[in-house]
There are 2 protein chains.
Amino acid sequence: MSTSRSARADIAQQILDHARRLFAAHGFDGVSLADISKRVGIRKPSLLYHYGTKDTLRQAVLEQLLAHWNDVLPKLLMAATTGSEQFDAVLSKTVAFFAEDHDRARLILRELLDRPTQMQPLIELHVRPWVTIVSNYIRRGQEQGRVRFEADPQSYVAHMTVLVIGSLATFETLVALAPEHEPRELLLERHTAELLRIAKTSLFRPRPAGGASPATDSPHPS
Amino acid sequence: MSTSRSARADIAQQILDHARRLFAAHGFDGVSLADISKRVGIRKPSLLYHYGTKDTLRQAVLEQLLAHWNDVLPKLLMAATTGSEQFDAVLSKTVAFFAEDHDRARLILRELLDRPTQMQPLIELHVRPWVTIVSNYIRRGQEQGRVRFEADPQSYVAHMTVLVIGSLATFETLVALAPEHEPRELLLERHTAELLRIAKTSLFRPRPAGGASPATDSPHPS
DNA sequence: ATCTGTGACTACCGAGTGGTAGGGAGAATC
DNA sequence: GATTCTCCCTACCACTCGGTAGTCACAGAT
């Protein structure tokens with residue numbers, strides 16, 4: 001019983017987990033099937049029984065990541081309705097998604113570097129809708145005067161995507177730049193807070209102190 | 001004559017160039033010495049004559065990159081004297097440095113991912129001074145009211161570093177997100193312009209319309 | 001009790017890896 | 001003219017790689 005049904009998915013998932021960790025840390029070419037199977041505690045052919053090829057394993061890791069992302073994104077877009085709420089939610093939840101497990105950011109970044117052409121259809125499929133929605137929101141905001149008119153929506157979103165993924169992927173390394181030995185957890189919080197600040201400040205127009213622009217409603221989230 | 005003095009450095013440099021390109025494109029582990037030597041047009045042992053080890057070749061590529069960077073940075077810091085000029089110069093020249101050859105950004109990013117611990121001393125050596133100077137400039141700007149007081153100098157600089165490197169490293173791939181087939185050269189220009197806009201807007205306080213703070217000189221670059 | 005399918009194993013393979021040994025052509029030095 | 005030095009070559013090595021063949025233990029179904 002303990003070996004029949006549950007163990008099957010269990011082992012496959014264990015392989016996936018260790019593969020994800022190792023791929024994220026050392027890259028696809030930097031990890032051998034022997035490395036992975038050793039971590040799992042099985043022999044190499046047993047691993048190949050579950051995933052017939054190293055490349056299928058890579059794809060499986062990536063698919064699980066994207067599946068998780070696709071699971072979280074629509075709810076996110078549904079949940080928050082009003083403009084600035086939606087922006088805030090999408091942005092901070094995206095950060096949270098990658099902050100939850102930095103391997104995700106590292107993995108995506110590596111794939112972006114290693115297999116640019118193969119990533120483009122995936123980008124098209126999984127990132128494009130996101131970008132389109134946010135871009136449209138930004139454009140709407142520009143018309144309404146909430147968003148800085150100089151902002152380039154499409155380019156802005158691309159930069160923020162890179163910033164979120166890049167900052168979290170390299171966080172562990174760039175801790176070296178922190179002057180004092182801050183408790184890491186706190187540093188991460190401070191770091192992501194600054195990220196959100198940069199994103200918002202560079203997008204939204206300052207709250208009109210005197211009342212210059214005919215902004216419709218809440219001109220600027222906290 | 002044509003083979004004695006000049007060819008020596010020439011071949012070594014050719015090896016370095018092709019290694020840089022290939023490492024940037026496929027990663028250190030994704031490139032074999034055979035690949036590199038084939039590009040150069042020599043045999044593998046000939047390559048190993050110049051660089052005794054694959055790892056020394058990697059280091060040589062990295063060192064040349066950092067040497068170039070160290071060559072460009074001090075001049076940069078010397079040239080521009082006043083605060084906002086200095087910031088503007090440092091930022092845009094840094095962008096230009098990586099935009100000039102995207103392999104530089106890719107290479108740095110890969111090293112950051114692949115060898116975090118070995119990169120930390122290099123960061124300490126080559127990036128820290130830069131960060132310190134800019135951070136101090138930001139703090140000074142905060143005291144003078146030119147810079148947003150909510151900004152976290154150290155974290156801000158880290159984010160901008162990641163943003164510059166990340167955006168240029170992934171530029172070719174993220175072109176896929178551009179809706180129309182813009183002439184690429186123009187798209188790059190638009191992209192870097194937006195990057196600079198984000199960096200400045202999120203840092204500097206809006207030009208005081210009434211005149212609240214006792215800012216010394218030009219409170220805000222174009 | 002027997003059959004069947006699952007999932008692990010040992011043993012092995014060809015290709016490719018980084019790296020070495022040793023030799024040879026040609027220019028520079030004596 | 002002999003020697004030395006530079007730089008490339010062919011041939012080879014030990015090892016690791018992803019992947020295959022075939023076997024075996026065992027749980028569940030018949």
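If you're wondering where the values come from, they're calculated on a predicted model, not measured in any experiment.
- Between B:F171 and B:H102, the angle of the ring planes goes over 60°, which puts this pair in the perpendicular group of the 30/60° scheme.
- Between A:D29 atom CG and D:dT16 atom P there is a gap of 18 Å when expressed in whole angstrom units.
- Taking every heavy atom of residues 18-26 of chain A and every atom of DNA chain D, no pair lies under 4.0 Å.
- Stacking of B:K54 on the aromatic ring of B:F28 is recorded, both the 6.0 Å distance cut-off and the 45° axial limit being met.
- Residue A:Q14 contributes atom CD, which lies 14 Å from atom P of C:dG7 at whole-angstrom precision.
- As judged by a 4.0 angstrom heavy-atom cut-off over every strand, B:V40 is placed among residues making no nucleic acid contact.
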I'd like a list of close polar pairs between nucleotides 9-13 of chain C and the protein, N/O only, cut-off under 3.5 Å.
from	atom 1	to	atom 2	distance (Å)
C:dC9	OP2	A:R43	N	2.7
C:dC9	OP2	A:S46	OG	2.4
C:dT10	OP2	A:R43	NE	3.4

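- With a 6.0 Å cutoff to the six-membered ring centre and a 45° limit on the axis angle, B:R58 does not count as a cation-pi contact of B:F23.
- Residue A:I11 has its side chain nearest to C:dA8 when only C:dG18, C:dA8, C:dG19 are considered.
- Within the structure, every side-chain polar atom (N or O) of A:Y49 is placed at least 4.0 Å from both OP1 and OP2 of C:dA8.
- For the residue pair B:Q154/A:E194, the side-chain donor-acceptor check at 3.5 Å is not satisfied.
- Regarding A:I36, its CD1 atom lies at a distance of 15 Å from the C1' atom of D:dT16, rounded to whole Å.
- The separation between A:D35 atom CG and D:dT16 atom P is 11 Å, rounded to whole Å.
- Atom CG in B:L48 sits roughly 7 Å away from atom C1' in C:dG18 (whole-Å rounding).
- Atom CD of A:E124 has more than 12 heavy atoms from other residues, nucleotides or ligands within 6.0 Å.
- The 12-atom threshold is not exceeded at CZ of B:R39, counting heavy atoms of other residues, nucleotides or ligands nearer than 6.0 Å.
- B:R197 has no carboxylate O lying under 4.0 Å from a charged side-chain N of A:D152, or vice versa, which leaves the two without a salt bridge.
- Using a 4.5 Å heavy-atom cutoff, the side chains of A:V131 and A:I123 are not in contact.
- The side chain of A:H50 lies closest to C:dA8, out of D:dC8, C:dA8, D:dC17.
- Within residues 52-59 of chain A, the residues approached by DNA chain D to less than 4.0 Å at the level of any non-hydrogen atom are A:T53, A:K54, in residue-number order.
- Among the candidates B:L188, B:L187, B:V175, the single residue satisfying the side chain to side chain contact (heavy atoms under 4.5 Å, CB included) test with B:E182 is B:L187.
- Taking atom OH of residue B:Y51 and atom P of nucleotide C:dG19, one finds them 15 Å apart after rounding to whole Å.
- A salt bridge links A:D17 with A:R20: the distance from a Lys NZ or Arg NE/NH1/NH2 to an Asp or Glu carboxylate oxygen falls below 4.0 Å.
- Between the CD1 atom in A:I198 and the CE atom in B:M160 there is a gap of 4.0 Å [rounded to 0.5 Å].
- Neither OP1 nor OP2 of D:dT16 sits under 4.0 Å from any side-chain N or O of A:S32.
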